[in-house]
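Worksheet for the structure shown next.
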Amino acid sequence: KDGEKDGKWASYWEDGQNWGEANYKDGEKDGKWVSYYDNGRIYKETNFKAGELDGTSVWYDGEGNITDEDIWKDGKCVEMCEGNE
């Protein structure tokens, strides 16, 4: 939109499997982002607001088990901040 990323974006592994889904608003990350392992399982779920991490970020292992979880506000980790920030 007007030369800026806007709306839902998707990326794919070479074999066509979904690699990730992202949302943009007026060129900035905004909304839910999801990344996947090449086996199709979720690797990471994050949330953005106006380009900054905002909300819960969750990482998973290849079996689908949660390995880390952080809570963000305005780009700063505010809870459970030990790990992948």
Side-chain angles (χ1 to χ4, degrees):
K1 176 179 164 184
D2 298 326
E4 300 284 346
K5 292 179 181 176
D6 196 80
K8 187 172 183 175
W9 285 63
S11 299
Y12 300 92
W13 293 97
E14 286 184 20
D15 66 1
Q17 287 266 48
N18 196 351
W19 180 87
E21 299 164 351
N23 290 284
Y24 288 89
K25 183 176 180 182
D26 299 324
E28 293 190 337
K29 298 173 182 178
D30 197 86
K32 187 172 185 175
W33 280 45
V34 181
S35 301
Y36 298 90
Y37 288 102
D38 59 1
N39 66 7
R41 291 187 186 262
I42 295 174
Y43 165 68
K44 180 171 71 170
E45 295 177 291
T46 57
N47 291 285
F48 289 88
K49 183 177 179 183
E52 300 285 346
L53 282 165
D54 197 86
T56 304
S57 293
V58 183
W59 287 261
Y60 301 88
D61 65 19
E63 301 299 314
N65 303 300
I66 294 174
T67 61
D68 193 19
E69 189 170 2
D70 300 327
I71 298 175
W72 297 80
K73 180 72 177 160
D74 299 324
K76 293 183 175 37
C77 190
V78 296
E79 289 185 44
M80 302 184 295
C81 303
E82 72 299 326
N84 294 325
E85 353 5 291

Checklist outcome for this item: What one should report as the nearest heavy-atom pair of Lys32 and Glu45 is NZ-OE2, 3.2 Å

Checklist entry - Does some side-chain heavy atom of Asn23 sit less than 4.5 Å from a side-chain heavy atom of Lys29? => result no

Checklist entry - Between atom NZ of Lys73 and atom CD1 of Ile71, what is the distance when rounded to the nearest 0.5 Å? => result 12.0 Å

Checklist entry - Heavy atoms, side chains only, cut-off 4.5 Å: are Trp33 and Lys44 in contact? => result no

Checklist entry - Would you say Ile42 and Val58 are hydrophobically clustered, going by side-chain heavy atoms of ILVMFWY under 4.5 Å? => result yes

Checklist outcome for this item: To the nearest 0.5 Å, atom CG of Asn39 lies from atom CD of Glu63 at 7.5 Å

Item to check | Smallest separation among heavy atoms of Lys1 and Asp6, with atom names | outcome: CB-CB, 3.7 Å

Checklist entry - Which heavy atom of Met80 sits nearest a heavy atom of Asp68, and at what distance? => result O-OD1, 4.4 Å

Next on the checklist: As a quick check of understanding, evaluate side-chain contact (heavy atoms from CB on, under 4.5 Å) for Trp59 and Asp70, giving each step before the final call.
Outcome noted: CA-CA 9 Å; Trp59 287 261; Asp70 300 327; 3.3 Å; yes

Item to check | Which atom of Asn18 lies closest to which atom of Ser11, heavy atoms considered | outcome: OD1-O, 3.1 Å

Next on the checklist: Taking CG in Asp2 as the centre, count heavy atoms belonging to other residues, nucleotides or ligands within less than 6.0 Å. Is the count above 12?
Outcome noted: no

Checklist outcome for this item: Here the gap from Lys76 atom NZ to Glu52 atom CD, rounded to the nearest 0.5 Å, amounts to 7.5 Å

Item to check | Trp9 CH2: over 12 foreign heavy atoms closer than 6.0 Å | outcome: no

Item to check | Asp74 to Asp54 - nearest heavy-atom pair and separation | outcome: N-OD1, 2.9 Å

Checklist entry - What about Tyr37 and Ile66, same hydrophobic cluster or not, with Ile/Leu/Val/Met/Phe/Trp/Tyr joined at side-chain heavy-atom distances under 4.5 Å? => result no

Next on the checklist: Other residues, nucleotides and ligands only: do more than 12 of their heavy atoms fall within 6.0 Å of CD on Glu14?
Outcome noted: no

Checklist entry - Is there side-chain contact between Asn65 and Tyr60, with heavy atoms separated by less than 4.5 Å? => result no

